[in-house]
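Down below is the structure, laid out as structure tokens.
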There are 2 protein chains.
Amino acid sequence: MSTAQGARARARIEVTSAIKDEARRQLAADGAAKLSLRAVARELGMVSSALYRYFPSRDDLLTALIIDAYDSLGEAAETAHAAVADVGPLRRWVAVCEAARGWALRRPHEYALIYGSPVPGYQAPDTTVPAASRVGLLLMGIVRDAHRSVGVARTPIPAELRPEADRLAADLAPDLPAEVSVALVAAWAQVFGLIGFELFGQFNRVVEDRETFFRYSVSRIGHGVGLVFPGNP
Amino acid sequence: MSTAQGARARARIEVTSAIKDEARRQLAADGAAKLSLRAVARELGMVSSALYRYFPSRDDLLTALIIDAYDSLGEAAETAHAAVADVGPLRRWVAVCEAARGWALRRPHEYALIYGSPVPGYQAPDTTVPAASRVGLLLMGIVRDAHRSVGVARTPIPAELRPEADRLAADLAPDLPAEVSVALVAAWAQVFGLIGFELFGQFNRVVEDRETFFRYSVSRIGHGVGLVFPGNP
DNA sequence: CTCAAGCGAGAGCAGTGCTCTCGCTTGAGA
DNA sequence: TCTCAAGCGAGAGCACTGCTCTCGCTTGAG
């Protein structure tokens, strides 16, 4: 009853995804600011007003693209993780980070859409939350596995951070030590900081061998979360 | 001969900075994408075409704002650093990072302009490089001081990173150990990763006490660069 | 004192997001 | 099986954008 809807509904789905595809094409070519509803409609052989039957505004189209981008990134990361399921936690951590970086380099404008400055005047609706969490949850899963098997190193935290750490850990991962949860959230932001700096040109004329640099840096970040050294299991 | 120019030149400077001021106002209010040359001109009581006598295009206006923003951030960081010149390196490191975060929270749209996704289709000219480096150089100075006085901890790097590390160190800070230079560049990106995540809403419903969280996180990053613990000199 | 350079005003072009109205089509319910 | 409202595309139009070009006034350097 969900797939075998009427022809009308099926056509609507097709047109909707054709619009998103073309929009994604233009996004990849020229970036979000130059994404034009009229140009999308033109390319699809329809008139611009017809497009508003599918997306009530340009921002809604962008939101759809954002969710798709989060999902695409999440899927890339999860695929990469599945491919190294049998190695140690730190290696898996690095593999996931490298997958995220690779995805970002392949689709810079989509990355900018989700981790760059949000489109001005626009607040991401809660709809995006689940898709946005996938990479973070994946990284957390790695740390959780490590915690259960080989254990994780715990760095003591200052007293002033204790309330926030406990609250954050209770919300996020009650089974992990609060110290680790805090470090994990920070690590998550730091990994994307590295990706963003590379992508947005801050490393120009500074870092040359960016792949090696990234691998080493995220490996140290992973170590900072408490993951063990590559040599160990 | 540079300040006492003709009245024409002085007027030009005044009008130019009036344009930038009004543009900055609109930028702060609505973000970069909604910054409109026509609206700026309107507000200044001039016609839009007249504005092109001062900035050849909208992108050039944005570039001017970008440089000013880098300088403003750099100045905020340097002022904060000067205010704690007599404390230990790690404390100074944290103070500079907190100043950068504070500046970003106070001027989110300007921060987005320089560390968020670059305005699409637009490549920052080399003009911006010196202004853009100020915070990085400041952080490097702190590590250099620490290296000269109390010394910095050196984390060994893998062999595959050795060439890049040596090249990077030679370019950036020949007086610092290559291991430290690499860690410093990564730390630089990681600090701004934390700021960006907070500013762009990634920490919504995740981190509550963001100030404490940030202070702890950048302190750990500083420690990762080799700075000593707060207790020590 | 002069005359070119600097400047502001205005009209105009091509493009944008978005709205509204008009008819055609189509499929679900009587 | 027939009908009629809902869904849809087309077109015109509004208010806005960045940018160009031409026209005259002003002004300050030679």
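To find a chain, count down the sequence lines: A is the first, B the second, and so on, and within it residues start at 1.
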State the pairing partner of [N]; accept Watson-Crick or G-U wobble contacts with both distances under 3.5 Å, and report none otherwise.
N	value
C:dG17	D:dC14
D:dG9	C:dC22
D:dG30	C:dC1
D:dC4	C:dG27

Expressed in angstrom and rounded to an integer, what is the separation of [X] atom [atom1] from [N] atom [atom2]?
X	N	atom1	atom2	result
A:L37	C:dC18	CG	P	6 Å
A:L35	C:dC18	CG	P	11 Å
B:D59	D:dT17	CG	C1'	14 Å
A:R42	D:dG9	CZ	P	18 Å
B:M46	C:dG6	CE	P	16 Å
B:R10	D:dG28	CZ	P	9 Å
A:D60	C:dC18	CG	C1'	13 Å
A:E14	D:dG9	CD	P	13 Å

* Does the base of D:dG18 carry an N or O that pairs as donor and acceptor with the side chain of B:R38 under 3.5 Å? -> yes

* **Donor/acceptor link under 3.5 angstrom from A:R53 side chain onto base of D:dG9** => yes

* Asked: Which nucleotide sits closest to the side chain of B:Y54: C:dT16, C:dC7, D:dG18?
  -> C:dC7

* Among D:dC19, D:dC21, C:dC18, which is the nearest nucleotide to the side chain of B:S49? -> D:dC21

* **Exceeds 12 heavy-atom contacts within 6.0 angstrom, atom CD of A:E75** => no

* **B:V94 vs B:S219 side-chain heavy atoms within contact, under 4.5 Å** => yes

* Can you check whether A:E110 reaches A:L73 side chain to side chain, under 4.5 Å on heavy atoms? -> no

Do the side-chain N or O atoms of [X] get closer than 4.0 angstrom to the phosphate oxygens (OP1, OP2) of [N]?
X	N	answer
A:R12	D:dG9	no
B:S36	D:dG18	yes
A:R58	C:dC18	no

* Asked: Closest nucleotide of DNA chain C for B:V15 versus for B:S48: which of these residues is on the 5' side?
  -> B:V15

* **Test log, rule salt bridge (Lys or Arg N to Asp or Glu O under 4.0 Å), inputs A:D21 and A:R25** => CA-CA 6 Å; A:D21 286 349; A:R25 258 205 51 243; over 6 Å; no

* **Contact nearer the 5' end of DNA chain D, comparing B:Y52 with A:L51** => A:L51

* **side chain to side chain donor-acceptor pair (under 3.5 Å) between A:D60 and A:T63, intermediate numbers included** => CA-CA 5 Å; A:D60 289 87; A:T63 301; 5.5 Å; no

* Asked: If you look at every strand shown and take non-hydrogen atoms under 4.0 Å, does A:S57 touch a base, only sugar-phosphate, or nothing?
  -> sugar-phosphate

* Residue that, paired with A:F192, satisfies ring-ring contact (aromatic ring centres under 6.0 Å, His included) out of B:F197, B:F192, B:F200 -> B:F197

